[in-house]
Amino acid sequence: MPPLPPSPAGARVLVLGGGGREHALAWRLAADPEVASVLVAPGNGGTDGEPKVRNLALDPADPLTVASWARRERPNLVVVGPEIPLLTGVADALRDAGVPVLGPNRAAALLEGSKRHAKAFLERHGIPTADARSYERSEDLERDLDTLTYPLVLKASGLAAGKGVAIVGSSEEAHSALAALARLPGAREGILAEAFLRGEELSYFVLAHGTRYLTLPAARDHKRLDDGDRGPNTGGMGAYSPPPLTKELDSRIRETIVRPTLEGLVAEGTPYTGVLYFGLMIDARGQPYVLEYNCRFGDPEAQVVLPRLGGSAFALFHAAAQGEIPPRLDVRNEALVGVVIAAPRYPEAGDDGSPLEGLEEAGAEALVFHAGTRRVGGRVLTSGGRLLCVCGRGKDLAEARRRAYTAVGRLRLPPGARLRRDIARDV
Ligand code: AMP
Ligand code: GLY
């Protein structure tokens with residue numbers, strides 16, 4: 001193993017994005033002694049006010065703007081938080097400018113950007129996934145609905161911010177769900193109809209360059225809006241780490257999913273650099289299946305995974321951005337439980353301008369990562385759908401969970417703010 005590229009002292013990092021995941025990234029990077037400053041574009045009310053961190057008014061999804069800023073300012077590292085900049089080619093533009101960037105090029109990011117492309121890739125490489133039919137036009141699927149087997153999962157192929165999936169129990173339900181899905185911009189490039197898989201979900205992350213990779217701590221997300229996994233799907237209402245994951249399951253995931261994915265990408269001429277997130281379903285026999293690929297950290301999973309990284313996160317990401325995957329990872333032996341606080345009308349709509357109070361009191365008990373917030377004068381106001389992710393840390397999940405909910409109890413939230421009371425309850 002060659003030595004890792006030296007990490008520069010006094011490093012300057014740019015984080016792209018403005019959600020809870022990006023607050024956690026900025027906070028974690030700022031904790032490394034070799035990092036002098038972290039800029040977050042555009043950031044939020046939490047990154048604005050974090051030691052060593054500042055917000056930067058820059059459109060994170062515009063490759064020309066980001067690359068010309070980076071050519072001028074020469075940051076030591078750019079970390080791309082969300083998927084949209086990856087799909088508009090921001091990582092490609094930064095690589096062309098010679099700036100180290102953690103995130104895949106556009107061609108590799110299509111694994112997330114097009115579910116039809118991802119399904120075809122999974123099938124080409126014999127990677128376990130739900131059987132599916134791929135439709136270019138929703139009218140063609142409409143004609144088949146009465147002959148398909150239920151329950152069935154309908155998915156808009158393109159990006160839909162967590163709203164592009166409908167699980168339907170009958171053809172009647174499927175007709176109305178399809179009508180709604182077909183209106184999403186993400187459905188323009190087609191729709192998948194796939195078999196419904198039963199089991200436990202797992203968010204599995206690797207840091208990869210080509211076929212080399214390091215496994216990061218895994219997490220479990222709670223995607224449904226309401227307690228008991230009811231209500232509509234959301235971007236994620238809470239997460240915890242570590243999730244139950246035996247050595248045997250871990251090696252099955254590596255052998256049947258991670259390795260063939262990275263090798264397949266290299267063989268197809270779209271090698272991957274960055275964090276690759278496998279959204280998995282583990283069935284009752286312990287067999288893992290890929291539900292989806294994401295080309296980035298999860299949100300809210302990042303908020304419970306990043307605090308568990310020991311050593312220097314900057315050195316790790318900087319090395320990976322330059323093609324060196326360290327031989328091993330330091331993981332802190334602690335547990336985190338993150339509870340998302342969302343706006344009253346989430347996921348349909350966000351909230352704007354309501355005060356969020358009690359943040360300091362909550363922060364004395366848990367990590368409080370901001371998402372849809374902004375700072376005006378000395379106050380923090382709502383400005384989005386998911387507002388905060390309150391993360392308790394402890395020696396085990398029970399302790400972490402207790403701390404998270406104690407901290408939540410200290411917040412003074414807008415009336416009707418939503419949160420789940422059962423994050424990590426069943427472990
Ligand atoms: P996706 O965006 O593809 O991950 O889908 C969002 C959520 O829908 C997943 O996290 C699962 O909870 C659910 N889901 C997706 N595909 C399936 C499937 N084939 N079987 C059961 N649930 C699924
Ligand atoms: N929490 C799910 C995601 O980030 O896609």
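Model, not experiment: these values are computed from the prediction.
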For residues 395-420, the ring-ring contact (aromatic ring centres under 6.0 Å, His included) pairs (sequence neighbours left out) are none
Whether the Thr406 and Glu365 side chains hold a donor-acceptor pair (N or O, under 3.5 Å, no angle test) is what I'd like checked.
no
Applied to residues 240-251, the salt bridge (Lys or Arg N to Asp or Glu O under 4.0 Å) test, sequence neighbours excluded, yields Glu248-Arg252, Asp250-Arg254
Residue set satisfying salt bridge (Lys or Arg N to Asp or Glu O under 4.0 Å) with Glu173, at least two apart, ordered chain then number -> none
Across all chains, not counting sequence neighbours, the side-chain contact (heavy atoms from CB on, under 4.5 Å) partners of Ala182 are Ser138
Q. Is the shortest distance from a Lys or Arg side-chain nitrogen in Arg116 or Glu189 to a carboxylate oxygen in the other one below 4.0 Å?
A. no
Residues at least two apart in sequence or cross-chain that pass side-chain contact (heavy atoms from CB on, under 4.5 Å) with Asp59, listed by chain then number, are Ala61, Asp62
Residues passing the side-chain contact (heavy atoms from CB on, under 4.5 Å) test with Glu200, sequence neighbours excluded, are Arg220
Rounded to the nearest 0.5 angstrom, the CG-CG distance for Leu367 and Leu388 is 12.5 Å
So the ring-ring contact (aromatic ring centres under 6.0 Å, His included) pairs with at least one residue in residues 179-199 (sequence neighbours excluded) are none
For Pro42, the side-chain contact (heavy atoms from CB on, under 4.5 Å) test, sequence neighbours excluded, returns Pro60
Residue pairs meeting side-chain hydrogen bond (donor to acceptor under 3.5 Å, both in side chains), one or both in residues 80-89, sequence neighbours left out, come to Glu83-Arg296
Contacts satisfying side-chain hydrogen bond (donor to acceptor under 3.5 Å, both in side chains) that involve residues 123-132 (not counting sequence neighbours) are Lys119-Thr129, Arg124-Glu268, His125-Glu268
Compute whether any side-chain donor of one residue and acceptor of the other, for Thr47 and His23, lie under 3.5 angstrom apart. no
For Arg332, the salt bridge (Lys or Arg N to Asp or Glu O under 4.0 Å) test, sequence neighbours excluded, returns Glu334
Per salt bridge (charged side-chain N to carboxylate O under 4.0 Å, His left out), Asp226 is matched among Arg418, Arg421, Arg420 by Arg418
For Phe205, the ring pair (Phe, Tyr, Trp, His ring centres under 6.0 Å) test, sequence neighbours excluded, returns Tyr277, Phe297
